[in-house]
Amino acid sequence: MFSCEDADDFNNVIEQVTCTDGIQNGEETGIDCGGECGPCLNGLDFSGLYVQEDALGRPGINLVYSPNAALQNAYNHSATSDRSSLSPIQGMGQATFPSVFQTSLTEYYAFYQDPNLPEITFDANVLGQDITVFTEFLAASDALQVAPEGPTSFHSGDVWFTGRRLSDDVMDDTLLLLFGGPDGTRFDGVNGPKLISDQVDSGDRNFGLPFPYLEAPLQQ
Amino acid sequence: MKNKTKIYLYSGSLLGCLVAFLLMSSDQIDGNFVANTTVDIADFYAFEGQSPDHTVLVVTLQGPLSIGSVTEQAGFDPEVLIEFNIDNTGDFKEDVVIQAMRRDSVMYFFGPVVIDQEHQGLVREVQVEALSGQVQISTLDSLYISEDSALRLFAGPRRDPFFFDQNRFNSMRNGTLAPEGFSSAAEAQDYFAQSNVLAVVVEVPNDLLGTAPAHAGTSYGLENLPNAYNIWVSTKRKQ
């Protein structure tokens, strides 16, 4: 506690309450916490080291493109900055996440191949990315890009990756980048299977609520 | 006819594969070692708040939870640290984190707090000196939110906001061939329509997150995008 005599003639003591004086005073609800100070730990123990077991940036990147549990696990246990083509996957030789993703993507397309027809390949997506740029982008920058200024969405019109709203149909967006081709219409169901949309929307969900924005849990 | 059969089989194989891929999409149904554990992240959302100078961060966990006893019995694990990681320099290393950790019926929040270079990465301590707020964990019947600090805070069960036709893919994975691909809009069904999740929601003033760097997509051929943070969520278990 800091105290001092003021400069008048009455020798009265002024108490100056601070959040660092080591006692509970003023509006505090504990020693130097609560009231005007920060919240109280209440003696709770938060000690220890915590190690990453799961991580998520963009929807589904790891599990769409990592072909088995070992690689999925390696992805979840890797730092976001260690997923580029410059970073070999720990314990997996020279393999990198972009190279693994390229293999997965190529295999998806190989399932479509009619041996009597010319080879079909990924070509490019609606973002103009070829397979090398696309898979590097997916792995090496796997986070939600979130714009602090202006609208936020996963995909809206021509704008991609400024956030992810609750209402965004990210599954259709993911499929579009994978199967839509350069103009977004490849594998649209007119010629061959319909793969660029699961045809499900948000149904009766209400995404127009105030904080915390999510609907109350459903009950029986 | 031979060709047609071939195409059919190829399509069937494809769809079987596609099923496996889509089942696991968005991390909703984790096919890896974290599935059905308390570290399992279902989804992550980040969007502009009702105040345009705020960002809302939402992580959903342990989903999808069936209505009733499964939801009632689900709870946040006090051994698991939930983190929003914010990169504001463009190197995909977390410069700022917001942490959440449960103690009894309260979720405690730490940060936004700067993480210096030597502490970035896979191992973390709870940044107790940056305790910034707390909120009573909501229940099925009671909503608790905290607006005592610069942050708005929520933790508890909510309806799952994720939507996707998973039954279609379950049936295909079980061998039902569907060479035409997805169902028609009339037939498609949202597997998550009647599900809940555990959610943590933080609404944070943007000025606590630092200045956003150039959009990451500009390095990968994307143009005319606004500056943007790179944000991901992680769960870290106590060793």
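Side chains are part of it too, since the values below use all heavy atoms of this structure and drop only hydrogens, waters and symmetry mates.
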Shortest non-hydrogen contact from Phe137(A) toward Gly217(B): CE1-CA, 4.1 Å
Side-chain heavy atoms of Phe182(B) within contact of Leu175(A), under 4.5 Å: yes
Residues, nucleotides or ligands: over 12 heavy atoms within 6.0 Å of Glu129(B) CD: yes
Atom pair CG/OG1 of Leu166(A) and Thr60(B) - distance to nearest 0.5 Å: 9.5 Å
Short N-O contact, Lys236(B) and Asp54(A), less than 4.0 angstrom: no
Which atoms of Leu209(B) approach chain A - backbone, side chain, both or neither, heavy atom under 4.5 Å: neither
Region of Glu147(B) in contact with chain A, defined by heavy-atom distances below 4.5 Å: neither
Worked check of side-chain contact (heavy atoms from CB on, under 4.5 Å) between Leu214(A) and Val201(B): CA-CA 9 Å; Leu214(A) 300 167; Val201(B) 185; 4.0 Å; yes
Close aromatic pair by centroid cut-off 6.0 Å: Phe47(B) and Tyr213(A): yes
Derivation and outcome, side-chain contact (heavy atoms from CB on, under 4.5 Å), residues Leu49(A) and Glu125(B): CA-CA 5 Å; Leu49(A) 291 176; Glu125(B) 293 180 84; 3.6 Å; yes
Carboxylate-amine/guanidinium contact Arg205(A) Asp190(B), below 4.0 Å: yes
Choice from Ala188(B), Ala216(B), Pro161(B) maximising heavy atom contacts with chain A below 4.5 Å: Pro161(B)
Non-hydrogen atoms of Phe163(B) and Ser167(A) that approach each other most closely: CZ-O, 3.6 Å
Contacting moiety of Ser78(A), where chain B heavy atoms sit under 4.5 Å: backbone
CA sep, side-chain torsions, deciding dist, call: Gln199(A), Ser183(B), side-chain contact (heavy atoms from CB on, under 4.5 Å): CA-CA 7 Å; Gln199(A) 300 292 309; Ser183(B) 301; 5.6 Å; no
For chain B, the option from Asp142(A), Leu127(A), Leu71(A), Asp158(A) that forms the most heavy-atom pairs under 4.5 Å: Leu127(A)
Option that, when pairs with chain B are counted at under 4.5 Å, heavy atom only, ranks first among Asp172(A), Thr162(A), Thr152(A), Val159(A): Thr152(A)
Val59(B), part contacting chain A, at a heavy-atom distance under 4.5 Å: neither
Interatomic distance, Trp160(A) atom CH2 to Leu222(B) atom CG [nearest 0.5 angstrom]: 9.5 Å
Chain B contacts, top residue of Ala79(A), Gly57(A), Ser47(A), Ser202(A) (heavy-atom pairs, under 4.5 Å): Ser202(A)
Interchain contact, Phe207(A) with chain B, by part (heavy-atom threshold 4.5 Å): side chain
Interchain contact, Tyr229(B) with chain A, by part (heavy-atom threshold 4.5 Å): both
Main-chain N/O of Pro217(A) paired with Asn196(B) side-chain donor or acceptor, under 3.5 Å: no
Heavy-atom side-chain proximity of Pro210(A) to Gln50(B) below 4.5 angstrom: yes
Under 3.5 Å: donor-acceptor pair, side chain of Arg164(A), backbone of Ala46(B): no
Cation-pi, Tyr50(A) ring and Arg124(B) (6.0 angstrom, 45 degrees): no
Minimum heavy-atom distance between Asp198(A) and Phe164(B), given as atom pair plus value: OD2-CD1, 3.0 Å
Per-residue contact mode, Asn230(B) against chain A (heavy atom under 4.5 angstrom): both
Non-hydrogen side-chain atoms of Trp232(B) and Leu144(A) separated by less than 4.5 Å: no
Heavy-atom proximity to chain A below 4.5 Å, by part of Leu225(B): side chain
Short side-chain to backbone donor-acceptor contact, Arg103(B) and Asp45(A), under 3.5 Å: yes
Largest heavy-atom contact set with chain B, pairs under 4.5 Å, which of Asn68(A), Val133(A), Asp82(A): Val133(A)
Which portion of Leu143(B) sits near chain A, non-hydrogen atoms under 4.5 angstrom: side chain
Residue, of Ala193(B), Gly49(B), Pro52(B), Ser195(B), that accumulates the most heavy atom pairs under 4.5 Å with chain A: Ala193(B)
Distance flag, aromatic centroids of Phe110(B) and Phe46(A), threshold under 6.0 Å: yes
Chain A contact via Glu223(B) - side chain, backbone, both or neither, heavy atoms under 4.5 Å: neither
CG-CG distance between Leu131(B) and Leu44(A), expressed to the nearest 0.5 angstrom: 9.5 Å
Residue pair Phe162(B), Val170(A): steps toward the side-chain contact (heavy atoms from CB on, under 4.5 Å) verdict: CA-CA 9 Å; Phe162(B) 185 71; Val170(A) 295; 4.2 Å; yes
Interatomic spacing from CD in Glu53(A) to OG1 in Thr38(B) - rounded to 0.5 Å: 8.0 Å
Contact leader toward chain A among Thr235(B), Val126(B), Asn206(B), where contacts are heavy-atom pairs under 4.5 Å: Thr235(B)
Residue pair Leu218(A) / Gln194(B): nearest heavy atoms and the distance that separates them: CD1-CA, 3.6 Å
Check: His215(B) side chain, Ala147(A) main-chain N or O, donor-acceptor pair, under 3.5 Å: no
Winner by heavy-atom pair count (cut-off under 4.5 Å) against chain A, out of Ser219(B), Ser184(B), Gly90(B): Ser184(B)
Side-chain (Gln219(A)) to main-chain (Leu140(B)) donor-acceptor, under 3.5 angstrom: yes
Note, Ser234(B) side chain near Gln52(A) side chain (heavy atom, < 4.5 Å): yes
When Thr55(B), Thr71(B), Val56(B), Asp91(B) are compared by non-hydrogen pairs under 4.5 Å with chain A, the top option: Val56(B)
Top contributor to chain A interface from Phe154(B), Tyr108(B), Phe92(B) [non-hydrogen pairs under 4.5 Å]: Phe92(B)
Shortest non-hydrogen contact from Arg158(B) toward Glu215(A): CD-O, 3.2 Å
Contact summary for Phe44(B) and Leu56(A), nearest pair of heavy atoms: N-CD2, 3.7 Å
